[in-house]
Amino acid sequence: MSALWSVGAGLLLLLLWVRHRGLEAVLVHHRWVFVCFFLLPLSILFDIYYQLRAWAVWRLHSAPRQHAQRVRHIQEQVREWKKEGSKRYMCTGRPGWLTVSLRVGKYKKTHKNIMINLMDVLEVDSERQVVRVEPLVSMGQLTAHLNPMGWTIPVVPELDDLTVGGLIMGTGIESSSHIYGLFQHTCVAYELVLADGSLVRCSPTENSDLFYAVPWSCGTLGFLVAAEIKMIPAKKYVKIHYEPVRGLQKICEKFTEESKKKENSFVEGLLYSLDEAVIMTGVLTDEAEQSKINRIGNYYKPWFFKHVEKYLKADRTGVEYIPSRHYYHRHTRSIFWELQDIIPFGNNPVFRYLFGWMVPPKISLLKLTQGEAIRKLYEQHHVVQDMLVPMKSLEKSIQTFHVDLNVYPIWLCPFILPNNPGMVHPKGNETELYVDIGAYGEPKSKQFEARASMRQMEKFVRSVHGFQMLYADCYMTREEFWDMFDGSLYHKLREQMNCKDAFPEVYDKICKAARH
């Protein structure tokens, strides 16, 4: 009873302090208070609900039976929209705050919301080595489902809450992408409900134009209702080699060299300053030296990027064996390194051991509760950007990031980009090696100004024939946007499939210049 009184007294004092300081001031300057006391417990409840639901659905085998019925309901909603006169654009009815993107789409309030409740794994076909899933299946859910069966997917984008639909309609990448390409390149078929309410399946050999146009289209060609993704055999561990490298030229040379080696199952770089980095290479294996096993995903373990930094500070190489699923989601607990700005003491051993099991807070809940003051603060003093540039431009790109942003760490992830039709492909006629440069945090550049600095970055990326991930803030004009992306196939299909009255153009949906 005394313990309950203590907790109650503590909460009362907290509420009095919040009232004294003002809720907005606390949320802006002491956000960790709100996150630790409210969002972390709420995030746990969210996780429990979705895990129990996924388990129940699979145990009862209801997903395959109900999928067709749920798709028919989506078709009925689209046909009802047509009967009403097609007066407004359509979009999914999923609330904007539930997406992993930091952008909150205002279009949800003005467009016709089509409810799409599709979040189940439908079928695991071991003979074809293909898994068929609904669009709201998350990466955490999918790996938890496949790994016990001895399977995984070739590209497992990092954060647990990323969904299949978001990774197809947007894009996704992982440290295995130097072999398999982007997430879209591991997909073998999509099923969509189109603007006329029809259900269509597309693949490289069936409705191929639509198949290649869907990625990066952000839901402006139709509603994704299922996807088929390649599977590969899973192994127990990733044998990972850490190598600190100093000097920008040497960093770029080493990273490029390792990215070209197909014997590396995984390649990743963390840049801690302009001339200091750790290059990591990994190989899938079923055997491990017991003394070198590091279960980095356990809640009490140091955040992965901090663990990696130890090799840089000690100036030594190292080898570890990380359980495969822990490796796939190694940046999840710290949301890469974003959580250190929200909970500054989050990597402290005491916090990890006592409360680490509750981390991370759901990105969707962070968005829902951020308020206008925090949103403006983040917009003006924070960047979350992934720029995809040719590997040959890596050194020049890092220098540009340093001058315009000066944000560290920087994530480096190589990927192969095939010359397929669609919005994103190399400038030439051959497959080319690219790299994702990810900058997440508060810029230290004295000249940083959100709009001007990002427009300068976007201009540079266009000049090297690179691409900007569309989940982030985009400041390009319409002409600049279609200079960066190839819209020929996209616009052709929007015309053919009567999308212009049904869905906004992708630029109008995601770019700030169009939304404000």
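Count residues from 1 along the sequence. Only this structure's heavy atoms are used, side chains among them; waters, hydrogens and symmetry mates stay out.
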| request: Please determine if Glu158 and Arg330 form a salt bridge, counting it only when a charged side-chain N lies under 4.0 Å from a carboxylate O. | output: yes
| Knowing that exactly one of Val389, Asp386, Leu271 qualifies, which makes a side-chain contact (heavy atoms from CB on, under 4.5 Å) with Ile437? | Val389
| field | Among Phe255, Phe305, Phe336, Phe304, the one residue meeting ring-ring contact (aromatic ring centres under 6.0 Å, His included) with Trp411 | value | Phe336
| said: Show every side-chain hydrogen bond (donor to acceptor under 3.5 Å, both in side chains) that has at least one partner inside residues 419-429, sequence neighbours left out. | reply: His425-Asp486
| message | Ignoring hydrogens and geometry beyond distance, is a side-chain donor-acceptor pair present between Tyr490 and Thr220 at under 3.5 Å? | response | yes
| said: Check this for me, if you would: do Asp508 and Arg478 make a salt bridge, where the nitrogen-to-carboxylate-oxygen distance has to be below 4.0 angstrom? | reply: yes
| task | Measure centre to centre between the rings of Phe266 and Tyr327, then say whether the value is under 6.0 Å. | result | yes
| said: Is it the case that the ring center of Tyr272 lies less than 6.0 angstrom away from the ring center of Trp337? | reply: no
| query | Given Pro157, which of Asp160, Val155, Leu159 fulfils the side-chain contact (heavy atoms from CB on, under 4.5 Å) condition? | reply | Val155
| message | Using the rule side-chain contact (heavy atoms from CB on, under 4.5 Å), only one of Thr431, Leu433, Val424 pairs with Leu417; which is it? | response | Val424
| Salt bridge or not for Asp161 and Lys362, using N-O below 4.0 Å? | yes
| If every non-hydrogen atom of Phe485 is compared with every non-hydrogen atom of Gln468, which pair is closest and at what distance? | CZ-O, 3.4 Å
| request: State whether Arg79 and Glu76 are salt-bridged, where the test is any N-O pair (Lys NZ or Arg NE/NH1/NH2 against Asp/Glu carboxylate O) under 4.0 Å. | output: no
| For Lys230, salt bridge (charged side-chain N to carboxylate O under 4.0 Å, His left out) partners two or more places apart | none
| query | Just checking, any donor-acceptor pair under 3.5 angstrom between side chains of Glu338 and His382? | reply | yes
| note | Checking Arg494, Glu495, Gln496 against Lys492 for side-chain contact (heavy atoms from CB on, under 4.5 Å), the one that qualifies is Gln496
